[in-house]
Amino acid sequence: MRDRADLVIIGGGIIGLSLAYHLARMGFTEVAVLEQGYMCFGASGRNGGGVRQQWTTEENIRLMKDSVRMFRAMAAETGYNIWFRQGGYLFLARDEETAGYLERSIKVQNKVGVPTKLIQPNKAKKIVPGLNIDGVKVCAYNSTDGVLFPWPALWGMAKVAQDLGVEVNTFTRVTDIERQGREIVKVITDRGSIATNRVVNAAGAWSVQIGKMLGVELPNKPYRHEILVCEPVKPFLNPMVSDLSDGTYFSQTMRGEILGGISDPLEPSSMETKASFRFLNRMCRSMVRLMPELSHVRVMRQWAGYYDETPDGHPIIGRVDEVDGFIQLHGFGGHGFMMAPAVGKMAAEWLLRKTDHNWFSKYDLGRFARGEVEKETFVIG
Ligand SMILES: Cc1cc2nc3c(=O)[nH]c(=O)nc-3n(C[C@H](O)[C@H](O)[C@H](O)COP(=O)(O)OP(=O)(O)OC[C@H]3O[C@@H](n4cnc5c(N)ncnc54)[C@H](O)[C@@H]3O)c2cc1C
């Protein structure tokens with residue numbers, strides 16, 4: 001492991017690796033990525049692989065258009081097939097309030113060039129044969145959203161960054177960070193230390209612990225989010241289906257498995273990753289209600305990862321007041337994977353002072369103290 005770096009990225013999840021990948025492609029390679037476990041150990045190796053452009057604000061929709069463009073090119077650019085399949089996303093609304101909310105969001109999406117349509121339930125049934133539309137008022141469907149297999153996206157980004165000169169160290173846990181006054185001097189790990197003045201906190205659900213090492217208090221909270229996968233069946237399900245009344249979502253992988261999760265309003269904040277019977281029960285009931293024929297399909301496995309949540313549902317990115325060179329890049333809740341390509345590129349441009357993206361002042365940690373908080377509402381799962 002190197003003993004000096006211009007930049008140390010803590011966290012080898014999709015966010016840290018996407019930043020490393022884009023920095024390397026822009027020619028900045030004096031970078032060390034430190035990951036405490038194996039690659040895919042965190043949320044990035046445990047998620048549903050959903051990629052949607054159906055958001056409520058213009059900036060998130062534009063960001064996700066960029067991400068989709070990058071996911072489409074990723075296999076060719078990295079040499080790793082990420083199995084990105086644009087089968088669409090279908091949201092179901094069961095009450096007037098949600099229906100109105102979909103309608104308003106679609107107007108913004110269309111304005112930005114995302115072709116989402118508000119469709120009647122019987123049309124949705126044509127797109128998803130076997131869908132139970134009882135009680136569904138209206139649906140939002142965008143055929144250009146999709147799903148992917150997360151692991152090769154991490155492998156590919158890490159490989160390209162490494163080939164260009166970035167050091168990616170797995171099984172290397174950061175135990176402390178030393179500073180002199182406002183300046184960072186050294187990152188200490190269980191495999192030795194690295195002298196540096198700049199550190200990116202991309203540690204996902206562990207970011208609060210990294211912040212503490214430098215005396216920076218972060219408001220993020222980790223929540224267990226569970227997910228399951230059923231045995232493979234012949235491909236029949238094109239879009240990701242998501243019921244907004246209870247946050248159920250499921251899609252079919254390119255191997256034929258049905259994969260999905262559900263929100264749980266009773267889940268407390270914790271660093272728990274055990275699988276629960278409560279989830280299995282709620283998820284199976286919800287899937288079978290939405291698609292009765294799924295009652296014949298057996299569950300193969302269930303697991304859990306963390307949603308790294310912030311008080312307003314937006315990430316925390318950019319500088320902090322207390323320490324120079326301590327950059328935040330975390331708090332991506334249940335949507336960090338889909339945003340990672342565009343966020344990593346934006347962060348690389350901002351760090352190298354190529355473009356001054358306003359995201360890094362708008363979504364910095366200081367917004368909570370300034371009271372400049374606007375809650376994101378389109379949060380699924
Ligand atoms: C079940 C589930 C389903 C999801 N579904 C979707 C989805 O469909 N679409 C989507 O876009 N998002 C989804 N998400 C969210 C998405 O997975 C996350 O937002 C994203 O992976 C966050 O990436 P990250 O790099 O910030 O965090 P992580 O992937 O968690 O990476 C952070 C890394 O930091 C490392 N680390 C922590 N502390 C240290 C330390 N002291 N030293 C060294 N390394 C350290 C950790 O080991 C970890 O690997 C889902 C999440 C879960 C759990």
Side-chain angles (χ1 to χ4, degrees), residues 8-20 32-52 55 64 67-68 71 89 145-151 153-154 157-158 168-177 187-191 199-213 220 222-229 240 242 247 249-251 259-264 267 271 273 275 279 283 302-310 315-317 328-344 379-381:
V8 170
I9 300 174
I10 304 178
I14 191 74
I15 296 289
L17 289 173
S18 174
L19 172 61
V33 179
L34 306 178
E35 167 54 49
Q36 66 182 349
Y38 51 88
M39 206 169 282
C40 299
F41 174 79
S44 302
R46 298 161 184 258
N47 66 81
V51 177
R52 65 184 154 92
W55 286 85
M64 280 311 305
S67 259
V68 165
F71 279 130
Y89 249 69
D145 293 337
V147 289
L148 52 74
F149 181 31
W151 300 358
L154 276 88
M157 281 186 163
V168 179
N169 296 290
T170 49
F171 299 103
T172 307
R173 193 163 68 86
V174 174
T175 54
D176 207 355
I177 308 172
V187 174
I188 302 167
T189 80
D190 55 3
R191 291 182 53 218
V199 168
V200 175
N201 181 2
W206 295 263
S207 294
V208 174
Q209 297 165 22
I210 303 298
K212 280 206 175 97
M213 293 176 187
N220 312 39
Y223 287 87
R224 173 175 63 175
H225 184 75
E226 296 185 73
I227 188 162
L228 59 74
V229 64
M240 170 84 88
S242 178
Y249 64 91
F250 59 87
S251 65
L259 179 116
I262 185 170
S263 303
D264 189 345
E267 182 70 42
M271 288 299 267
T273 46
F279 163 71
M283 180 64 191
Q302 70 181 96
W303 68 94
Y306 305 122
Y307 274 14
D308 167 25
E309 298 283 8
T310 64
I316 295 178
I317 57 181
Q328 309 306 304
L329 213 53
H330 48 78
F332 287 90
H335 43 262
F337 207 95
M338 63 179 88
M339 289 188 167
V343 164
V379 175
I380 319 294

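Bear in mind the structure is a predicted one, so any value in this text is a computation, not a measurement. Each ligand, and each atom within it, is numbered from 1 in the order the structure gives. If you read the sequence from its start, that first residue is 1, and numbering goes on from there.
In the vicinity of Gly204, heavy-atom distances shorter than 4.0 Å reach the ligand 1 atoms 26 (O), 27 (O), 32 (C). Per-residue contacts place His225 under 4.0 angstrom from the following atoms of ligand 1 (heavy atoms of the residue considered): 1 (C), 2 (C), 3 (C). Annotation for ligand 1: atoms under 4.0 Å from non-hydrogen atoms of Gly333 are 15 (C), 18 (C), 19 (O). Against a heavy-atom cut-off of under 4.0 Å, Ser44 is close to the following atoms of ligand 1: 20 (C), 21 (O), 23 (O), 24 (P), 25 (O), 28 (P), 29 (O). Near Trp206, meaning under 4.0 Å from one of its heavy atoms, ligand 1 places the atoms 30 (O), 37 (C), 38 (N), 46 (C), 48 (C). Heavy-atom contacts of Gly48 reach the following atoms of ligand 1: 3 (C), 4 (C), 5 (N), 6 (C), 8 (O) (cutoff under 4.0 Å). Those atoms of ligand 1 with a heavy atom of Met338 less than 4.0 angstrom away are 9 (N), 10 (C), 11 (O). Atoms of ligand 1 found under 4.0 Å from any heavy atom of Gly11, numbered from 1 in the order shown, are 33 (C), 34 (O), 35 (C).
Between Gly334 and ligand 1, at least one N/O pair is under 3.5 Å apart. Annotation: Gln36 places an N or O atom under 3.5 Å from an N or O atom of ligand 1; distance criterion only. For Met213, no nitrogen or oxygen atom sits less than 3.5 Å from a nitrogen or oxygen atom of ligand 1, counting backbone and side chain alike. Polar contact with ligand 1: present for Gly336 (N/O pair, distance under 3.5 Å). Of the N or O atoms in Glu35, one or more lie within a sub-3.5 Å distance of an N or O in ligand 1. In terms of polar-atom proximity, defined here as any N/O pair under 3.5 Å, Ile15 does make such a contact with ligand 1. Below 3.5 Å of separation, one finds an N or O of Ala43 facing an N or O of ligand 1. At least one N/O-N/O distance between Gly50 and ligand 1 falls below 3.5 Å.
In Thr172, the part holding a heavy atom less than 4.0 Å from any atom of ligand 1 is the backbone.
Listed for the Trp151 side chain is a donor-acceptor partner under 3.5 Å among the backbone atoms of Gly45.
Note: His335 and Trp55 have perpendicular aromatic rings, judged against thresholds of 30 and 60 degrees for the angle between ring planes.
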